[in-house]
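The structure appears right after this line, and notes come after that.
Source: prediction; values computed, not measured.
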Amino acid sequence: MFTLQKEEEAQKCDAQRPFCKTCQIAGKEDECHYTDGSRGSLARDLLRRNRELENRLKEYEEKSSSGSPQPPDSSSASSSDAPSSSSTSPSLHCLGDFDGPAQSISIAHADCAIIEPVLDIAYPDFSGTGAEVVFPYAPANSDVSFHLADTCRHSNREFRDLFISHGLQLGLGICETKAGALSLGECSSASSAVSPLLIHVAQLWGCLLWQEVNLKFGVREEDEELAQVLALLNMGPSSPHDAMTFVMAHCLLSTYHFSKVNMVDGREHLIKAATVASDFQLGFDQVASRAISDHPSNGLYSAQEETAILCQLIYHDIGCSLLMNVPSAGDGRMYNQFKNLQWRPSDFSNLDLIICRAHSVSHLQESGHLAGVWLENTNGASSFPACCYEWYFDLLQRTCDHIATLTPALLKFSVLSWDRHRLLVLKLCLAMEHAAAAELYELLADTEPSCGDKAVSAALEIVRITATFEDCDFHFLDPILGICWTAAARVLRKKQAVLRNSFRSASTGLLQLDESTIRRSLSTMVTASLKLERSMPFVTRPPSTEES
């Protein structure tokens, strides 16, 4: 193999990294080595892989057009594929190749278009190296797609298993027994049957995730599965039990489109999910008469599964409403039933956590609504509006009860469980609950100093939870965290103003807090929000320590 010795040919080398101009002109960037051992290994490996895929695509196209395979011209390919220093350099966020934190690596290529972010999730590695790789971006330009005949025919079960491994994050509202049937693609057994629609949704999502894992985009199975899903959805549900499947499928397809930054189609499928639920009068009252258990109430779903499916619809609807500032797609009937839902978690299974997550985001939204009504009726005064009295204390009680339920569960999972996915969902739920509590306590901070301290304590709990996230955790979280950070920052900024006006380092309340602690807390949330913003759309960034 050709190796360029830098010392011996110093007059020909400009010492540029990751490869010199001499090798770039010769089309031998991947063979440019420095004797000190330094090299742009990841960039070069990706460039080499990209060139290999282009050559294979060219060979495949020539074989299809002429009927006789012709080997690609390696010299011309190397020359034409040489990176240009002036070409667009999209940032590829890669984890797993480094022992340290995530790094952004700029890769220039003349044929690359600007790439759009998608839902960023960490996936299992199929390369056999044992390393975990996160690749959160996909080419937006269809011209950069690779339909490789020898690599794109993958097992549908592999797609389904990959989807199931992210079921909690995506809101898959089925029990483990049905998840096993879904993995096998079974749709005949009455006790563990899964709908063909759900099977195709799983394969669609799995295909998308597979491409992210393997850095191969434009795999035609994705388009085929999407067409199958849309065809089945167009048939419409035939029964209330069938409608539950359609609600779940529309929610999953909505998330799929949002992950590809397709706001229009994502919102459309969310509205369709709510419409199906309304048309078939799906609600929590019809399952409230049955105890939430794993015993199936019909041939399709248990009462707990039905509750989880409807809760995922509520969570998705409220999350979109908060993040996109759009009206709710659901009707008031379902939300009223959800508010009165009597539910206690049994073992914090995936279904329990889906229900729990919906309660937390509901409290977060309701606290913001109450604060708006409060301010409208007081016009900035510190009086307690009579119209909010019962509502305020009822919501505060529900929020505190949920915190009391989640806190020991979080400790239990932290000490005894290795289930990272469930642990992160518990942290997300607690962050939303503390954000709601901070909003509520802040309303009484001017008249009751202890409430001001409680608001600050709730905000600091959000900071504490945020500080426990590792870099790799952000790929399993949710953009709704941006709303929590904004609520916490608002409380802390107000406290910071009080400290500055008092000209001393301690607060006037019972909570001892100095300005440096507030600045560190704000910095923690801003740093976390930037990490999440690189991964997911709609992240709301809290004000920085320098913003007023």
Open item on the list: So that I can tick it off, tell me whether E366 and R398 are bridged by a salt bridge, with the cut-off set at under 4.0 angstrom between side-chain N and carboxylate O.
Closed with: yes
- [ ] Apply side chain to side chain contact (heavy atoms under 4.5 Å, CB included) to K339 and S362, showing your working.
- [x] CA-CA 9 Å; K339 182 179 178 180; S362 175; over 6 Å; no
Task: Residue pair E224, V219: steps toward the side chain to side chain contact (heavy atoms under 4.5 Å, CB included) verdict - done: CA-CA 9 Å; E224 294 170 356; V219 173; over 6 Å; no
- [ ] Test Q203 against every option in E158, Q228, E225 by the side chain to side chain contact (heavy atoms under 4.5 Å, CB included) rule and name the one that passes.
- [x] E225
Open item on the list: Over 60° means perpendicular and under 30° means parallel, so tell me whether W391 and H369 are parallel, tilted or perpendicular.
Closed with: perpendicular
Open item on the list: If the threshold is 4.0 Å, N to carboxylate O, is there a salt bridge linking E222 and K260?
Closed with: yes
- [ ] Show the numbers, then the answer: is there a side-chain hydrogen bond (donor to acceptor under 3.5 Å, both in side chains) between D352 and Q304?
- [x] CA-CA 8 Å; D352 274 337; Q304 188 181 19; 3.2 Å; yes
TODO: Indicate yes or no for a side-chain donor-acceptor contact from T524 to the backbone of V463 under 3.5 Å, with no hydrogens or angles considered.
DONE: no
Task: D317 side chain to L313 backbone, donor-acceptor under 3.5 Å - done: no
Open item on the list: Does Y301 form a side-chain hydrogen bond (donor to acceptor under 3.5 Å, both in side chains) with T245? I'd like the steps, not just the answer.
Closed with: CA-CA 9 Å; Y301 302 107; T245 302; 2.5 Å; yes
Open item on the list: Under 3.5 Å, is there a donor on one side chain and an acceptor on the other for E433 and H363?
Closed with: yes
Task: E442 and K454 ion-paired at < 4.0 Å - done: no
Task: Check: F258 main-chain N/O paired with N262 side-chain donor or acceptor under 3.5 Å - done: no
Task: CA sep, side-chain torsions, deciding dist, call: K427, T468, side-chain hydrogen bond (donor to acceptor under 3.5 Å, both in side chains) - done: CA-CA 9 Å; K427 290 181 179 181; T468 65; 3.1 Å; yes
- [ ] Kindly say whether M334 contributes a backbone atom to a donor-acceptor pair with the side chain of D331 at under 3.5 angstrom?
- [x] yes
TODO: Tell me yes or no: between the side chains of S457 and Y441, is some donor less than 3.5 Å from an acceptor?
DONE: no
TODO: Evaluate the ring planes of F284 and F338, with Trp represented by its six-membered ring, and classify them as parallel (under 30°), tilted (30 to 60°) or perpendicular (over 60°).
DONE: tilted
TODO: Determine whether more than 12 heavy atoms belonging to other residues, nucleotides or ligands lie under 6.0 Å from atom CG of N340.
DONE: yes
- [ ] In plain terms, say whether R357 and D478 are close enough for a salt bridge, that is, a side-chain N and a carboxylate O under 4.0 Å apart.
- [x] no
Open item on the list: If you take the centroid of each ring, where Trp contributes its six-membered ring, are F159 and W205 closer together than 6.0 Å?
Closed with: no
